[in-house]
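Notes follow once the structure below has been shown.
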Amino acid sequence: MPHTASRYLAEGRRVGLRHFTQADGAEFTARARESKDLHHPWLFPPDSAGAYAAYAARLIENPTKAGFLVCEKEADGALAGFININNIVEGGFRCGALGYGAFAHAAGRGLMREGLDLVVRHAFGPMRLHRLEINVQPANAASIALARACGFRLEGFSPKMLFIDGAWRDHQRWAITREMTAAVG
């Protein structure tokens, strides 16, 4: 029986991870428009063809970024959400900052938990990172629950850290290191 290569970089029981492509624009932007109420006021993923093309290009071409689409395997690879590693620094730091969002049809089903676990393993494995950080607005209970469920620890509070939706927003800082995953895995 011939072996066929997976279309995913990493796979879990219900989801697979793959990189962004320009061809994902129509599905991604439709899902983003359907998810506006879920995402507001925390994040604003691209919801038009032009905005997606620029967003995806940055994730594809910029070596300090890595973008992953969380795809639902039983739904023929439908997009369930996205997870990006931004501000990747190599050398002695080997760190990146995570940003993520579930699409409304997939929210609350554990798909992003599985996807984030896969991204953490991929980051600490093939990408050879040592530390990942998540910055979350304190009232974003769903994002905090996801960070906690995936083993991230709360490290601090940063007032007026990021400019989002027209204002400087406070954030909690969550992080995980390779050693923390080795202790549980």
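In this text the structure is predicted, and so the values were computed from the model without any measurement.
Phe82 and Ile134 fall into different hydrophobic clusters, where Ile, Leu, Val, Met, Phe, Trp and Tyr residues are linked whenever their side-chain heavy atoms come under 4.5 Å apart, directly or through other members. Hydrophobic cluster membership is shared by Leu9 and Val119, with clusters built from Ile, Leu, Val, Met, Phe, Trp and Tyr side chains linked at under 4.5 angstrom. A single hydrophobic cluster is not seen to contain both Trp42 and Val70; linkage of ILVMFWY side chains at heavy-atom distances under 4.5 Å, directly or through other members, places them apart.
Of all the heavy atoms in Leu111 and Ala80, the pair that sits closest is CD1-CB, 4.0 Å. Between Gly67 and His19, the closest heavy-atom pair is O-ND1, 3.1 Å. The heavy-atom pair separating Tyr8 from Gly77 by the smallest distance is OH-CA, 3.6 Å. The minimum heavy-atom distance between His40 and Asp165, with the atom names listed, is CE1-OD2, 3.4 Å. Across Leu154 and Trp174, no two heavy atoms sit closer than the pair N-CE3, 3.3 Å. Summarising the geometry of Lys65 relative to Asn86, their closest heavy-atom pair is NZ-OD1, 3.6 Å, with the distance given to 0.1 Å.
Proximity of a side-chain donor or acceptor of Asp170 to a complementary backbone N or O of Lys160 within less than 3.5 Å is detected. For Asp24 (side chain) and Thr21 (main-chain N/O), a donor-acceptor pair under 3.5 Å exists by modelled atom type. A donor-acceptor pair is defined here as one N or O able to donate and one able to accept, closer than 3.5 Å; no such pair exists between the side chain of Arg18 and the backbone of Leu69.
Counting only N and O atoms by type, the side chains of Thr177 and Arg131 include no donor and acceptor under 3.5 Å apart.
We find that Asp117 and Arg121 are not joined by a salt bridge, their nearest charged nitrogen and carboxylate oxygen being 4.0 Å or further apart. Contact check on Arg173 versus Glu133 returns no salt bridge, with no Lys/Arg side-chain nitrogen under 4.0 Å from an Asp/Glu carboxylate oxygen.
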What pairs of donor and acceptor atoms, side-chain ones from residues 94-109 against any protein atom, are under 3.5 angstrom apart with sequence neighbours left out?
| residue | atom | partner | partner atom | Å |
| --- | --- | --- | --- | --- |
| Arg94 | NE | Arg128 | O | 3.1 |
| Tyr100 | OH | Ser143 | O | 3.1 |
| Tyr100 | OH | Ser143 | OG | 2.7 |
| His105 | ND1 | Arg31 | NH1 | 3.3 |
| His105 | NE2 | Leu79 | O | 3.3 |
| Arg109 | NH1 | His105 | O | 3.2 |
| Arg109 | NH2 | Glu72 | OE2 | 2.3 |

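For the pairing with Val120, the side chain to side chain contact (heavy atoms under 4.5 Å, CB included) check across Leu129, Leu132, Ile83 returns one residue only, Leu132.
Within 6.0 Å of atom CD in Glu90, 12 or fewer heavy atoms from other residues, nucleotides or ligands are found, so the atom counts as exposed in its surroundings.
Ring planes of Tyr55 and Phe28: tilted class, angle from 30 to 60°.
As a member of the Ile/Leu/Val/Met/Phe/Trp/Tyr network built from side-chain separations under 4.5 Å, Met161 groups with Phe44, Leu162, Ile164.
Aromatic ring centres of Phe68 and His122 lie closer together than 6.0 Å.
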